[in-house]
Amino acid sequence: MTSTVPNAVQHTDAQPPITMFGPDFPYAYDDFLAHPAGIGQIPATEHGAEVAVIGGGLSGIVAAYELMKMGLRPVVYEADRIGGRLRTVGFEGCDPALTAEMGAMRFPPSSTALQHYIDLVGLETKPFPNPLSPATPSTVVDLKGESHYARTIDDLPPVYREVMDAWNSCLEEGADFSDMNRAMRERDVPRIREIWAKLVEKLDDQTFYGFLCASDSFSSFRHREIFGQVGFGTGGWDTDFPNSILEILRVVYTEADDHHRGIVGGSQQLPLRLWEREPQKLVHWPLGTSLSSLHDGQPRGAVTRLDRTAGNRVTVTDATGDIRTYRAAVFTGQSWLLLSKIACDDALFPIDHWTAMERTHYMESSKLFVPVDRPFWLDKDATTGRDTMSMTLTDRMTRGTYLLDDGPGNPAVICLSYTWCDDSLKWLPLSPKERMDVMLKSLGEIYPGVDIRKHVIGNPVTVSWENEPYFMGAFKANLPGHYRYQRRLFTHFMQDRLPADKRGLFLAGDDISWTAGWAEGAVQTALNAVWGVMAQFGGATDPTNPGPGDVFDDIAPVELPEG
């Protein structure tokens, strides 16, 4: 059992593996990537044509890498650093091998398209120490001043089992969980679409909290409160209570919150290695070509303006004042940038798409890490025989504390606090040192005999994503009633449905996907955009390996009425 309150269905090795296969767009991106025919070609007359790729996060780098392989020349613009929210940092004065993941740090096995690229660049993964997972020696759940030490859920008081059972029942009664999970494992597209169409119509206007309250299983406020503070998989989910229940169902159906693994050496290595990688199979470009070599080692800088210009072109102005015009461009940054940091021509998108971007809801998130001399938390308390310190879930300011080590004899890292939404905003006015002091005070109340500070060997590193100028939030999270907006953004790559003067600029990135906050969504929407650019240049996929746009009419997301 890998989570405090696990998903409703416990699976066996004999069952088919799950993947982020739908439910909104049940397309097998992993099969598409693995097919020997490749993901598409463009006419030779278009080889070498430039395509702007705005944003050097994972989505932008995947899109640029695949466009390069097709024979196009991606021109990558990046305002800050390659990686986006795959951001791995070190600690000043410490061993460079000691790192902190400021953004994405744990990835589910169901992220199969993401795993394709992890394998491609030769990265390794290892189990991530989530609460009560096999990779976590012990977990402490501290609520209302009362702490419970556990290695499995059976070590916790009976009320936690009651909460788990309530969540399982809630999913079965209100969301056809077992039926959908089975259909997704078997990649039964008609069944997936049948179940999901009914749920979208029924639940689009329902919050996560309202979904719980509507279930007889969660009639107890105490059970709802514990569920919010402790949650399932990665910890408490009360910060998601105002969000659409559809967002949560996508996570639990695909086991996105289970069996997480971290990337050894840091997640930012993935986009950085793709940037440097020299594909063995590519068109037009000579062997030895990489994204880095096409850019003389550095992407172009921040984009400051986007315009529609004659001939349905997209004109990009960067921070140096350089102006370039392209027949196609891919925008992978967070959509709010198009409303604020980048001066945009209104003609870039249809008005309904602008509305969808304006209505996008982003969640705040903050983290703080400190380096320590060794994984002292594995020391045993002489009186109790317990670990000195544990992975900690609490209703105190820290909320979630993660202990990250690389063996007993090596320096280690503690994520003192990982928070979202209101809990993140509480940290925003504080300096890194002030944040650390408050966190150590909270943890000192949970572990009164443990002097964490004496083990700290360097200054803390911290991030509040809502205060990052090129992000303004951690990730998208739809509110009730936002399904139609998300559908517009996700389907934007199907540009034969748009007027001719609204084509050529393609949206990508995890906030365009149905699984925002997960790197898999960044990869999938990058591949959608690549398909769109390929079509824009008169290209096509191999008939034996149809792309997402080729099968779109058969598996398009449910369309709700707007009248």
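Just so it is clear, the model here is predicted, and its values are computed rather than measured.
Judged as a side-chain hydrogen bond (donor to acceptor under 3.5 Å, both in side chains), and not counting sequence neighbours, Asp176 has no contacts. Qualifying side-chain contact (heavy atoms from CB on, under 4.5 Å) partners for Pro499, counting only residues two or more places apart in sequence or in other chains: Asp501, Lys502.
One side chain, Thr112 or Thr19, offers a donor N or O that lies under 3.5 Å from an acceptor on the other. Asn478 and Ser244 share no side-chain donor-acceptor pair at under 3.5 Å. Side-chain contact annotation: Asp24 with Trp196, donor-acceptor N/O pair under 3.5 Å present. Checking Glu172 against Ser178 by side-chain atom types alone, a donor-acceptor pair falls below 3.5 Å. Side-chain contact, Tyr117 with Arg273: no donor N or O sits under 3.5 Å from an acceptor N or O. Side-chain N/O atoms of Arg277 and Tyr65 include a donor and acceptor closer than 3.5 Å. A donor-acceptor pair shorter than 3.5 Å cannot be found between the side chains of Thr139 and Thr136. Side chains of Thr88 and Glu101: a donor on one and an acceptor on the other come within 3.5 Å. Donor-acceptor pairing under 3.5 Å is lacking for the side chains of Gln524 and Asn528.
Between Lys281 and Lys69, every side-chain heavy-atom pair lies at or beyond the 4.5 Å cut-off. Side-chain contact between Tyr362 and Thr360 is present, with at least one heavy-atom pair separated by less than 4.5 Å. Within the 4.5 Å cutoff, side-chain heavy atoms of Leu58 are placed close to those of Leu114. For the pair Leu479/Asn243, a side-chain contact is recorded, criterion being any heavy-atom separation below 4.5 Å from C-beta on. With a 4.5 Å cut-off on side-chain heavy atoms, Leu527 and Leu33 count as touching. Side-chain contact between Glu255 and Pro108 is absent, with no heavy atoms from C-beta onward closer than 4.5 Å. By the 4.5 Å heavy-atom criterion applied to side chains, Ser424 and Trp465 are not counted as neighbours. By the 4.5 Å heavy-atom criterion applied to side chains, Val230 and Val163 are not counted as neighbours.
Within the 3.5 Å criterion, the main-chain N or O of Lys476 finds no donor-acceptor partner in the side chain of His361. Although no hydrogens or angles enter the test, the distance criterion places a donor-acceptor pair under 3.5 Å between the side chain of Thr491 and the main chain of Arg487. A donor-acceptor pair under 3.5 Å links the side-chain atoms of Gln495 to the main chain of Gly504, judged by distance alone. Glu66 contributes no side-chain N or O that, together with a main-chain N or O of Ala526, makes up a donor-acceptor pair within less than 3.5 Å. Proximity of a side-chain donor or acceptor of Asn545 to a complementary backbone N or O of His35 within less than 3.5 Å is not detected. In this structure, the side chain of Gln486 does not engage the main chain of Tyr483 through any donor-acceptor pair within 3.5 Å. In this structure, the side chain of Gln536 engages the main chain of Arg327 through a donor-acceptor pair within 3.5 Å. Remark: the backbone N or O of Gly40 is not paired with any side-chain donor or acceptor of Thr541 at under 3.5 angstrom. Side-chain atoms of Asp155 come within 3.5 Å of backbone atoms of Arg151 as a donor-acceptor pair (strictly under, hydrogens ignored). In this structure, Glu520 contributes its side chain and Met20 its backbone to no donor-acceptor pair below 3.5 Å.
Relative ring orientation between Phe227 and Phe208 is described as perpendicular, the plane-to-plane angle rising above 60° on a 0-90° scale split at 30° and 60°. Note on ring orientation: taking the six-membered ring where Trp is involved, the planes of Phe490 and Phe493 are perpendicular (angle over 60°, cut-offs 30° and 60°). Between His260 and Trp518, the two ring planes are tilted [angle within 30° to 60°].
Remark: Arg261 fails to qualify as a cation-pi partner of Phe107 under the 6.0 Å distance and 45° angle criteria applied to the six-membered ring.
Under 4.0 Å is where a charged nitrogen must lie from a carboxylate oxygen, and between Arg497 and Asp553 at least one such pair does. Classification of Asp204 and Arg484 as a salt-bridged pair holds, one side-chain N sitting under 4.0 Å from a carboxylate O. In this structure, Arg106 does not pair ionically with Asp257, as no charged nitrogen and carboxylate oxygen lie closer than 4.0 Å. For the pair Arg503 and Asp496, the salt-bridge criterion is not met [side-chain N within less than 4.0 Å of a carboxylate O].
Between Phe25 and Trp514, the distance separating the two ring centers is not shorter than 6.0 angstrom. Note: Phe506 and Phe331 fail the aromatic proximity criterion, with ring centroids not under 6.0 Å apart. Checked against the 6.0 Å centroid threshold, Tyr402 and Phe128 count as a close aromatic pair.
Counted within 6.0 Å of CD on Glu201, heavy atoms from surrounding residues, nucleotides or ligands total 12 or fewer; the atom is thus considered open.
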